[in-house]
Amino acid sequence: MENEKILERSQLRERVEQWRRAEERIVLANGNFDLLHVGHVRYLRGAKELGGKLIVAINSDESVRALKGEGRPIMPAEERAEIIAALADVDAVVIFAELDVRALIREIRPDIQAKGTDYTAESVPERDAVAEYGGRVEIVGDAKDHSTSAIIRSRLGPGQP
């Protein structure tokens, strides 16, 4: 099943160029989105409320495993992308293989990088890449009291991923 919101990086660059010609603001959000939960929905809604087109970059299976350990991700990247693309707030989805989104930021130069409340504007790892071209970082969503890891532990018990 083809989804017009799920793009390869080259397609995303073209789409961003089209949006820029239409004078749209470009907002980038990113994450693993391993098991979609209310914290994810609130984060993405907050990102969309910044205005413009919302791109969601999803970590590849390999990068999730490197970041979270064996047993993760729960769902493959293509399924995670399809679920995120189904959300009305999301305009485009791309899967990225790197451990952080610096390379993608440098490729598409979003006006705003939206990060969740588990960060501060000063602690966002990629803020240097955003600052290189004069973009800005915004913290959005509700308090970080939801996580896939916590959901897994609460359902499966201690010692789980």
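Bear in mind the structure is a predicted one, so any value in this text is a computation, not a measurement.
Going from atom CD of E4 over to atom CZ of R15 covers 7.0 Å, rounded to the nearest 0.5 Å. Once rounded to the nearest 0.5 Å, the distance linking CG of L104 with CG of N30 reads 8.5 Å. Atom CG of residue L50 and atom CD1 of residue I26 lie 12.5 Å apart, to the nearest 0.5 angstrom. Rounding to the nearest 0.5 Å gives a distance of 7.5 Å between CD1 of I95 and CD of E8. In this structure, the separation between CD1 on I139 and NZ on K115 is 8.5 Å, given to the nearest 0.5 Å. Between K5 atom NZ and L54 atom CG the span is 9.0 Å, to the nearest 0.5 Å.
The side-chain heavy atoms of I105 and Y133, taken from C-beta on, include a pair separated by under 4.5 Å.
Of the charged side-chain nitrogens involved, at least one lies within less than 4.0 Å of a carboxylate oxygen, so that E138 and R136 count as a salt-bridged pair. Salt bridge status for D34 with R72: present, with a side-chain N to carboxylate O gap under 4.0 Å. We find that R21 and E14 are not joined by a salt bridge, their nearest charged nitrogen and carboxylate oxygen being 4.0 Å or further apart. One finds no salt bridge joining D111 and R25 here, because no Lys/Arg side-chain nitrogen approaches an Asp/Glu carboxylate oxygen to under 4.0 Å. Contact check on R13 versus E107 returns a salt bridge, with a Lys/Arg side-chain nitrogen under 4.0 Å from an Asp/Glu carboxylate oxygen.
Partner of R80 under the side-chain hydrogen bond (donor to acceptor under 3.5 Å, both in side chains) criterion, chosen from N59, N32, D61: D61.
Taking the six-membered ring where the residue is Trp, H40 and F33 present tilted rings, their angle falling between 30° and 60°.
Judged by distance alone, the side chain of Y119 and the main-chain N or O of P125 form no donor-acceptor pair under 3.5 Å.
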